[in-house]
Amino acid sequence: MWKDDIINVQNAVRRGQEIHATTEVIPIRKPWLFTSIYASTCIHNRNIMWDHLESISNSYKGPWLVGGDFNDILAASKKFGGKPIKDSRARYIWSKINKCNLVDLGLKGSKYTWTNNRRNKKGLILERLDKVFGNEEWIELFPKSSIIHLPRTHSDHNHILTELIPRNRSLHKFPFRLETFWCKHLEFQTIVKNNWNNSDYFKASLNLVDKLKPWKDSTFENIMGRKRKLLARLQGIQSSNSYATSSFLRKLELDLQNEFNDIIKIEEDYWKLRSRIMWLNDGDSNTKFFHVSATNRKRRNKINYFKNEENPLNLQSRCNKINLDNLVTPSFANWFEYNFDDLEALTRRSNKKDDSCLTR
């Protein structure tokens, strides 16, 4: 798994339209069964799948989560357009759900999870094919869990997020850094040329940073912030009661999806920079790989100990963090002592050619 420090998946078994795995979420150490569904378009095969789920329910008594694309609709209100659903089929599915002792965990977001992507109202079909169920034991294990239908961006299906524990989102300020993807923006070079006009490199760099900060916020903002805003707007459109009948909303949805794809490209460039992976070509799209590489580099760069003349100082200890000043401050003072005469000599070596190179 990508985040194996958070979730542990073992004994994965595939059977026809199902994948079963024993799952354990850290720090909750109680294992539970997760069943992922990708149901067939053939009713006979789907009936076989439900029979097998019923047999699992009779033999397995622990926490159980079942989710995926069931390719069935449980109520007329869960479909827009196309042929009406068959009530007999819906009753059959509900009887199987009850025999499996499963509960529909509900949803947040769009009431539909699939579309045929036809923009004209006449041919548009929307359906809720994807669902998540849990048994009583699973619900007791994760009482604050929620099922979120994420906005559609590429697929004709909505991704489904099962949030086991509500997340605590805290604001964190990051230091100013030059990002390579800024150089692709036409305004960037103009800002550099107009504001790098001082022979004192230190003052010139400070002046440039002052100009780049508001430009970055207005042009790029925070990448993840823009991405979240676009996803929120898509979520609002796809959750709207008027979505199925409004050509304006569907046109706006398409425009936002195109803008979202542009953000994904910027995000890929961002993670390339953060990961320091320089040997992949443009077009090698694997943001997940870049993210893992950046996370691993951050882990390697983390300072856990400072070594003094006597013994290592463990930064995980609160008392050692308090004593850290006594170790670090004198060391840095000695390392970075310099002669101001040498600094002036170094500054005099720079010339106008250097200035022009920096503003290219």
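Just so you know, these numbers use all the heavy atoms, side chains as well, and skip hydrogens, waters and symmetry mates.
In this structure, Asp72 pairs ionically with Arg46, as a charged nitrogen and a carboxylate oxygen lie closer than 4.0 Å. In summary, Arg152 and Glu253 engage in a salt bridge, as defined by a charged side-chain N under 4.0 Å from a carboxylate O. Lys96 has a carboxylate O that lies under 4.0 Å from a charged side-chain N of Asp51, or vice versa, which qualifies the two as a salt bridge.
Summarising the geometry, atom CD1 belonging to Ile165 is positioned 9.5 Å from atom OG belonging to Ser145; distances are rounded to the nearest 0.5 Å. Here the straight-line distance linking atom OH of Tyr92 with atom CZ of Arg89 works out to 6.0 Å at 0.5 Å rounding. Rounding to the nearest 0.5 Å places NE2 of His149 at 12.0 Å from NZ of Lys111. One finds the SG atom of Cys100 at 10.0 Å from the CG atom of Asn135 (value rounded to the nearest 0.5 Å). Atom CG of Leu234 is separated from atom NZ of Lys229 by 14.5 Å, given to the nearest 0.5 angstrom. The CD atom of Glu54 sits 10.5 Å away from the CG atom of Leu102 when rounded to the nearest 0.5 Å.
Cluster annotation: Val66 is not connected to Ile160 through the hydrophobic network of ILVMFWY side chains, with a link wherever side-chain heavy atoms come within less than 4.5 Å. The same ILVMFWY cluster, assembled from side-chain heavy atoms under 4.5 Å apart, contains both Trp50 and Tyr60. Cluster membership check: Leu124 shares its hydrophobic cluster with Leu249, using side-chain heavy-atom separations under 4.5 Å among Ile, Leu, Val, Met, Phe, Trp and Tyr. Cluster membership for Leu164 and Ile139, using ILVMFWY side-chain heavy atoms within less than 4.5 angstrom, is shared. Ile37 and Ile93 fall within the same hydrophobic cluster, where Ile, Leu, Val, Met, Phe, Trp and Tyr residues are linked whenever their side-chain heavy atoms come under 4.5 Å apart, directly or through other members.
The shortest distance between side-chain heavy atoms of Arg118 and Ile125 does not fall below 4.5 Å. Inter-residue side-chain proximity for Glu127 and Ile85 is flagged as unmet; no heavy-atom pair is nearer than 4.5 Å. Using a 4.5 Å heavy-atom cutoff, the side chains of Asp69 and His157 are in contact. Using a 4.5 Å cut-off on side-chain heavy atoms (C-beta onward), Leu256 and Thr153 make no contact. Between Asp210 and Asn195 the shortest side-chain heavy-atom distance does not fall below 4.5 Å. Residues Trp64 and Glu137 are not in side-chain contact: their nearest non-hydrogen atoms beyond the backbone lie 4.5 Å or more apart. Using a 4.5 Å cut-off on side-chain heavy atoms (C-beta onward), Ser205 and Trp196 make contact. Inter-residue side-chain proximity for Phe133 and Phe70 is flagged as met; some heavy-atom pair is nearer than 4.5 Å.
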Full working for side-chain contact (heavy atoms from CB on, under 4.5 Å) between Leu74 and Lys131: CA-CA 10 Å; Leu74 298 179; Lys131 291 166 278 288; 3.6 Å; yes
Evaluation steps, side-chain contact (heavy atoms from CB on, under 4.5 Å), between His154 and Asn261: CA-CA 9 Å; His154 299 83; Asn261 291 334; 2.8 Å; yes
Candidate pair Leu126 and Asn116, rule side-chain contact (heavy atoms from CB on, under 4.5 Å), full reasoning: CA-CA 7 Å; Leu126 302 167; Asn116 63 353; over 6 Å; no
Test log, rule side-chain contact (heavy atoms from CB on, under 4.5 Å), inputs Lys227 and Phe260: CA-CA 7 Å; Lys227 188 176 173 183; Phe260 180 82; 3.6 Å; yes
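Not a single donor-acceptor pair under 3.5 Å links the side chain of Asn8 to the backbone N or O of Val25. Side-chain atoms of Ser59 come within 3.5 Å of backbone N or O of Ser55 as a donor-acceptor pair. A distance-only check finds no donor-acceptor pair linking the side chain of Ser240 to the backbone of Gly236 [under 3.5 Å]. Although no hydrogens or angles enter the test, the distance criterion places no donor-acceptor pair under 3.5 Å between the side chain of Asn45 and the main chain of Ser40.
Annotation for Asn71 and Thr41: closest pair ND2-CG2, 4.0 Å, computed over non-hydrogen atoms. Summarising the geometry of Ile147 relative to Gly106, their closest heavy-atom pair is CB-O, 3.5 Å, with the distance given to 0.1 Å. The heavy-atom pair separating Gly109 from Ser239 by the smallest distance is C-OG, 3.0 Å. Residues Ser110 and Gln235 share a closest heavy-atom pair of N-OE1, 3.8 Å. Here the closest heavy-atom approach between residue Met49 and residue Ala39 is recorded as SD-CB, 4.1 Å.
Two rings, from Phe142 and Trp32, have their centers less than 6.0 Å apart. Checked against the 6.0 Å centroid criterion, the rings of Phe248 and Tyr243 do not qualify as a close aromatic pair. Taking the six-membered ring wherever Trp is involved, the centroid distance between the rings of His52 and His20 falls below 6.0 Å.
Judged by distance alone, the side chains of Asp130 and Thr113 do bring a donor and an acceptor atom under 3.5 Å apart. Asp156 and Trp114 are linked by a side-chain donor-acceptor pair at a separation below 3.5 angstrom, with hydrogens and angles left out of the test.
The number of heavy-atom neighbours closer than 6.0 Å to NZ of Lys83, taken from other residues, nucleotides and ligands shown, is 12 or below. Within 6.0 Å of the CD atom in Glu24, the count of heavy atoms belonging to other residues, nucleotides or ligands exceeds 12. Heavy-atom contacts from other residues, nucleotides or ligands closer than 6.0 Å to NE2 of His44 number 12 or fewer.
Between Trp215 and Phe188, the angle of the ring planes lies from 30° to 60°, which puts this pair in the tilted group.
The side chain to side chain contact (heavy atoms under 4.5 Å, CB included) test with Arg128 singles out one residue from Ile73, Asn158, Leu107, and that residue is Leu107.
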